[in-house]
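Only one structure is covered here, and it is reproduced in the block below.
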Amino acid sequence: MKYILNLSLVALLLAVFSCDGNKTAGTLGASDEVETRVERILSEMTLAEKIGQMNQVSAGGDVAQYADALRKGQIGSILNEVDPAKINEFQRIAVEESRLGIPLLVGRDVIHGFHTVFPIPLGLAATFDPALVEEGARVAAIEATAQGVRWTFSPMLDIARDPRWGRIAEGSGEDPYLDARMAEAMVHGYQGREADSTSMAACIKHFVGYGAAEGGRDYNSTFLTERQLRNIYLPPFEAAVKAGAMTLMTSFNDNDGVPSTGNTFVVKDVLRGEWGFDGLVVTDWNSMGEMINHGFGEDRKDVAEKAVNAGVDMDMMTYGFLSHLEELVKSGAVKEKTINQAVRNILRVKVMLGLFDNPYVDVDAAAAVQYAPAHLASAQKTVEESAILLKNDGVLPLGKGLRILVTGPLADAPHDQLGTWAFDGEKAHTVTPLKALRERFPGQVDYVPGLRFSREKRSSFADVVAAARRADVVLAFLGEEAILSGEAHSLADLNLQGSQSELLAALKTAGKPVVAVVMAGRPLTIERDLPNVNGLLYSFHPGTMGGPALANLLFGDVNPSGKTPITFLRTVGQAPLYYSHNMTGRPYNGETLLEDIPLEAGQTSLGNTSYYLDYGAYPLFPFGYGLSYTSFAYSGIGLDKEAYKADETLRVNFTLTNTGAFDGTEVAQVYIRDLVGSITRPVKELKAFERVSLKAGESRTLTVDIPVQELAFVGLDGEKKVEAGEFLLWVAGDSASGEAIRFKVL
Ligand code: NOJ
């Protein structure tokens, strides 16, 4: 034993110290003590035990079925068990009855809250408030870890520019900069700034390009060039890795013919090689097995070889590693050194989470932290910052003594307002808008649902219209049921489902002010509905505390400040349409639309630009857009210099004034355009944002610093750098406003 330990110490020294004697810093920043521990455990493991660590199974509910495999050390991780007593039992068998007593990593999709459900991630992004998003992820970690879950499969960092893709709900939208800031916030929130028993390992996913699925059809192929990957899809992952994300999940899609789970370039070369990631890489659910469906491998043995050699450490649910790695090592197709590296990555996370010191949870204490008042308050505040005011003809905020008609399928839908991936949220704890409004205005609220669920079709709304006539104001809660977005739930039609648009049209005939609140998993195409409402508040599925938060917004206790994290389309045929598209050879200048074309017109393209004859070139609402009950003016926008060296920092100065009658919060956004590059550059790119709260009439001069290196991109020569030349810069309240100023990079 002593001999083995000594040998392992030598191996450790070789692994941990580079030739010049400095510690090779991994992205997890593990201490020497952690690495020593990992090497010691590794040195004691048989090949079979190592392979066992690389196997993850969905063991929810069934300890007995897995007891034997646990004793043999054939399971490194389980997912989908949240009962603390059962988790303790799983751990007890792993720790007390297996030869080496290695604890399990217990994973779960804790995507936007555990019991206390926060807005869906797209809604979190709409807050443009990383600090608040970090707080929400912390809440999720505190609740989940109290029950024994120490690993979440979140955040999803897939840039998504096609709202047909149902999983657009699970990410931060279309923009790499916003996505990166949200990624860092969630990683810090889940894992905690300091590791302790409430640290829950984050899993950044899905690596990579999954959100660019053809036609928005989930699981479909992507065709992203290396430059697109490096300039748009990889940066949020790199930011999250730098923030210390402990784990990463490979995606289902094949990019240009190579499924991610067998993609050596992205996993081994970029993630491990270039970024130095020393965390754990797990496959998506059977994504290793699906490489057989892709026709990328003959059988499970073949795909197991491809995955492990590409740099994957853990197999979620294919059993490909467990069944075949031993023979693959024996045949020489997989090197034992590769297995050792994978197991190090797994053990490192387990050691860093403290699982070897205490794998158990206090079952009696677990319940006390669920739905804690502070958690509910944080969830409510997040909805209040996330909801986006898209239309207001002056009807909002509402006055207090009104007779209110509440209608619509989302008014009292405690399951649906939780949104997708809310496995542990409970209807009984959800506060719906109807409940909140009734509590707040006893005797003033009439409720006629009109439609019981979002897909329902109905031809007459006589009952609702009659009720609307009796009311002073109509609040229509519309949108999508939770199941219409999320994984495997792509849609080709993004109008309001069922007869919801007809409900709004009928309500208009009552002649009373109508305010719509849309709760959905994606930006729906609501253009046709806007004329039928006086006000519209868009709240991506808001979670547990949606009701009170929305009531506060509608009645002016809180002033809306959310901004669109994604472009809202006029019609689905515009997809994909996003603000930071490249400069085309023919920028749109508002020319001929369908109705302007004469009959039997001769063919011409002269003077025409990139747009649709029927829908023009613009979206319904641009990225970064959102109204307030007050108004804001930007002035004095300037830079501290006219020209910068590549290692300097742009100092952007501007004055923001609240020019309206309400106190409010604005998300000031800084965009740039690189006018000439070695490759075509986007028309605008977000480079900074700041939430600024101002009293009515208040003015504040603000400074935002942007390192010139933030302007770097991968150009024609494949190198990431800032190219010298002239730039435009805007400071504005959305991506389509503001006057540009100029600066140079030398
Ligand atoms: C499949 C999904 O793609 C992934 O996001 C999720 O984390 C796993 N299943 C585990 O549930």
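Whatever order the structure lists ligands and atoms in, that order sets their numbers, starting from 1.
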Which atoms from ligand 1 have a heavy atom of Lys205 less than 4.0 Å away?
4 (C), 5 (O), 6 (C), 7 (O)
Quick one: does His112's side chain have a donor or acceptor within less than 3.5 Å of a partner on Val117's backbone?
no
Carboxylate-amine/guanidinium proximity below 4.0 Å for Asp315 and Arg300:
no
Within 45 degrees of the axis of the six-membered ring of Tyr578 and under 6.0 Å from its centre: does Arg161 put its NZ or CZ there?
yes
Could you establish whether Met249 and ligand 1 come within less than 4.0 Å of each other, counting only heavy atoms on the residue side?
yes
Polar contacts were defined as any N/O atom of the residue lying under 3.5 Å from an N/O atom of the ligand; does this apply to Arg167 and ligand 1?
yes
Closest approach of any protein heavy atom to atom 10 (C) of ligand 1, naming residue and atom:
Asp109 OD2, 3.2 Å
If only atom types and distance count, is the side chain of His294 paired as donor or acceptor with the main-chain N or O of Phe252 below 3.5 Å?
yes
To atom 8 (C) of ligand 1, the nearest of Asn286, Asp284, Thr283 on a heavy-atom basis is Asp284
Does the salt bridge (Lys or Arg N to Asp or Glu O under 4.0 Å) test come out yes or no for Arg522 and Asp162, once each step is laid out?
CA-CA 10 Å; Arg522 52 161 71 76; Asp162 190 331; over 6 Å; no
Quick check on Met156 - does any of its heavy atoms sit under 4.0 Å from an atom of ligand 1?
no
N or O contact, Tyr210 vs ligand 1, cut-off under 3.5 Å:
no
Proximal atoms of ligand 1 relative to Trp285 (non-hydrogen, under 4.0 Å):
9 (N)
Would you mind checking if Arg167 and Glu487 are paired as a salt bridge, meaning a charged N to carboxylate O distance below 4.0 Å?
yes
